[in-house]
Amino acid sequence: MSWLERFVLTERGPWRRYGVALALALGSLALVHLLHLVEGTQLSSLAVASVVLSALYGGLGPALLDAAVTAIGIDYYYAAPLAAVFDSWTSVARVLTYVAIGVLIAGVVAALRDAHRRLHGQLQQVEQAKRARENMLAIVSHDLRSPLTAVLLGIGYVKRAAGEEKALAGLDGALDAIHRSAESMKRLVDDLLDAARIEAGRFSLDPSRQDVLPILEDAVESARLAAEARRVSLELQAPAGQAHLARCDRQRLTQVLANLIGNAVKFSPEGARVEVRLADDGEWLRIDVRDWGPGIAEKDLPNLFGRYWQAAETAHLGTGLGLYIARAIVESHGGRIAVASRAGEGTTFSVYLRRDRNG
């Protein structure tokens with residue numbers, strides 16, 4: 001973005017916009033007066049230029065302030081009698097004429113500025129939609145190719161096994177590979193559909209009163225095999241002897257927790273530990289998922305829940321939709337999700353759900 005576009009497009013507070021307009025008006029009057037003293041000419045067009053700049057910088061209101069100040073200043077300094085303003089109907093008419101000209105200029109420039117800002121915003125939306133479409137196509141083409149290849153290889157093996165009795169011994173493995181690949185493709189399609197529903201505002205839940213602990217236990221168990229394969233220790237800690245009740249959609253909450261725990265396992269080094277903790281945090285139930293993996297760079301934290309976003313070092317390890325969907329699900333429950341991480345020191349994701357204390 002060029003300096004001129006930043007000058008026009010940057011959002012600014014009212015004090016700054018009106019303060020700059022006043023400074024431009026007084027500055028233009030000072031220049032007009034200085035040139036009049038040095039060269040004996042009155043370049044009142046400088047006052048017009050300040051109105052234009054005020055309109056570009058701050059919009060219509062600051063430009064009107066600039067027009068009023070410069071109109072009064074020009075009449076005060078250069079119209080007879082000098083050092084007087086509003087001393088006669090002629091003076092009032094002059095000031096009103098200057099103001100009317102300034103208002104016209106300010107209105108035209110402010111309208112052009114607003115039109116440019118709208119067009120710039122629409123262009124950004126188009127660019128974002130284009131990037132999202134390109135990202136989605138890249139994700140689909142990349143993430144579906146591997147499981148689809150596995151499916152095709154498995155089907156080929158099954159067809160050969162049907163004609164060769166000795167190949168039947170490996171049939172179970174081929175069918176398992178086909179099943180895992182089909183599940184992988186289904187998860188990708190489900191993520192894309194969920195993301196589309198969220199964007200369209202059609203994402204819905206089916207909440208009921210649930211004990212969160214059994215849901216958390218199911219999510220931990222679903223990640224157990226992956227953790228054992230990576231020799232990662234998966235630990236669940238929760239207060240015993242009490243119910244942890246919340247109104248939630250069991251399936252959707254399981255989806256969130258499985259995603260967080262699965263990510264913690266996936267990004268942990270072999271032999272590491274992943275801790276899952278359920279705690280009572282006053283009016284909230286807090287679920288922490290902590291790993292001792294490589295952590296997340298501070299610069300990446302603001303982008304972590306963005307759609308399709310992935311850190312450069314973990315690109316192609318997922319769709320970039322999991323955390324985006326997880327946040328939408330948690331916020332749809334009236335909760336929130338937070339992350340704390342430092343590069344090289346691991347990561348903790350915390351899910352907060354409001355406790356249900358009603359009988």
Side-chain angles (χ1 to χ4, degrees), residues 183-184 186-199 201-227 232 234-238 244-268 274-281 283-291 293 296 301 303-311 314 317-341 346-356:
E183 287 289 339
S184 177
K186 180 180 182 297
R187 282 194 298 272
L188 173 60
V189 172
D190 287 344
D191 282 351
L192 291 171
L193 289 174
D194 282 344
R197 292 190 187 102
I198 292 167
E199 289 297 308
R202 293 186 286 104
F203 189 78
S204 60
L205 300 174
D206 183 20
S208 60
R209 196 167 189 250
Q210 299 277 348
D211 188 343
V212 173
L213 181 56
I215 301 174
L216 187 56
E217 290 172 339
D218 288 346
V220 169
E221 288 307 311
S222 70
R224 186 74 66 185
L225 286 177
V232 170
L234 189 55
E235 302 175 5
L236 173 60
Q237 303 172 10
H244 308 275
L245 300 176
R247 287 194 60 80
C248 61
D249 184 319
R250 184 185 183 98
Q251 180 179 352
R252 289 299 189 180
L253 183 58
T254 301
Q255 179 182 351
V256 171
L257 298 175
N259 177 272
L260 296 179
I261 297 169
N263 282 347
V265 170
K266 178 168 40 175
F267 297 120
S268 291
V274 170
E275 287 185 358
V276 182
R277 183 183 299 109
L278 175 61
D280 187 339
D281 199 8
E283 291 298 312
W284 300 89
L285 294 175
R286 191 184 80 245
I287 302 167
D288 294 329
V289 179
R290 183 180 182 185
D291 66 64
I296 302 167
L301 290 176
N303 303 315
L304 201 59
F305 296 97
R307 186 177 61 167
Y308 301 124
W309 185 86
Q310 298 182 72
T314 59
L317 292 180
T319 63
L321 289 171
L323 292 178
Y324 170 77
I325 295 170
R327 182 176 66 174
I329 292 173
V330 172
E331 290 179 351
S332 296
H333 280 86
R336 61 188 178 91
I337 185 169
V339 59
S341 183
T347 303
T348 300
F349 282 92
S350 298
V351 174
Y352 293 83
L353 297 172
R354 193 173 294 278
R355 293 176 62 93
D356 186 349

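Closest of all the heavy-atom pairs between Val232 and Ser268 is CG2-CB, 4.2 Å. Shown here for Pro207 and Arg247, the closest heavy-atom pair between the two residues is O-NH2, 3.4 Å. Between Gly346 and Ser341, the shortest heavy-atom contact is O-OG, 3.0 Å. Between His333 and Arg252, the shortest heavy-atom contact is CE1-CB, 4.5 Å. In this structure, Ala258 and Ser222 approach most closely via the heavy-atom pair CB-OG, 4.2 Å. Looking at every heavy atom in both residues, Leu323 comes nearest to Phe305 through O-CD2, 3.4 Å.
Listed for the Asp288 side chain is no donor-acceptor partner under 3.5 Å among the backbone atoms of Ser350. At distances below 3.5 Å, not a single donor-acceptor pair connects side-chain atoms of His244 with backbone N or O atoms of Asp280. A donor-acceptor contact shorter than 3.5 Å is absent between the side chain of Thr348 and the backbone of Val289.
Of the candidates Ile287, Leu257, Val256, Ile215 forms a side-chain contact (heavy atoms from CB on, under 4.5 Å) with just one, namely Leu257.
Rounded to the nearest 0.5 Å, atoms CG (Asn263) and OG1 (Thr347) are 10.0 Å apart. Of the inter-residue distances, the one linking Phe349 atom CZ with Asn259 atom CG reads 8.5 Å to the nearest 0.5 angstrom. Note: Leu216 CG to Ile261 CD1 = 5.5 Å, rounded to the nearest 0.5 Å. To the nearest 0.5 angstrom, Arg224 atom CZ is 4.5 Å from Leu234 atom CG. Distance check, rounded to the nearest 0.5 Å: CZ of Arg277 to CD of Gln237 gives 4.5 Å. Interatomic distance, CD1 of Ile337 versus OH of Tyr352, reported as 11.0 Å (0.5 Å rounding).
Identified under the salt bridge (Lys or Arg N to Asp or Glu O under 4.0 Å) test for residues 254-265, with sequence neighbours left out: none.
Relative to the six-membered ring of Trp284, Arg355 misses at least one condition, a distance below 6.0 Å or an angle of at most 45° to the axis.
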- Item | Test side chain to side chain contact (heavy atoms under 4.5 Å, CB included) applied to Gln210 and Leu253, step by step | CA-CA 11 Å; Gln210 299 277 348; Leu253 183 58; over 6 Å; no

- When you look at Thr254 and Gln251, which way does the side chain to side chain contact (heavy atoms under 4.5 Å, CB included) test go after all the steps? CA-CA 5 Å; Thr254 301; Gln251 180 179 352; 5.8 Å; no

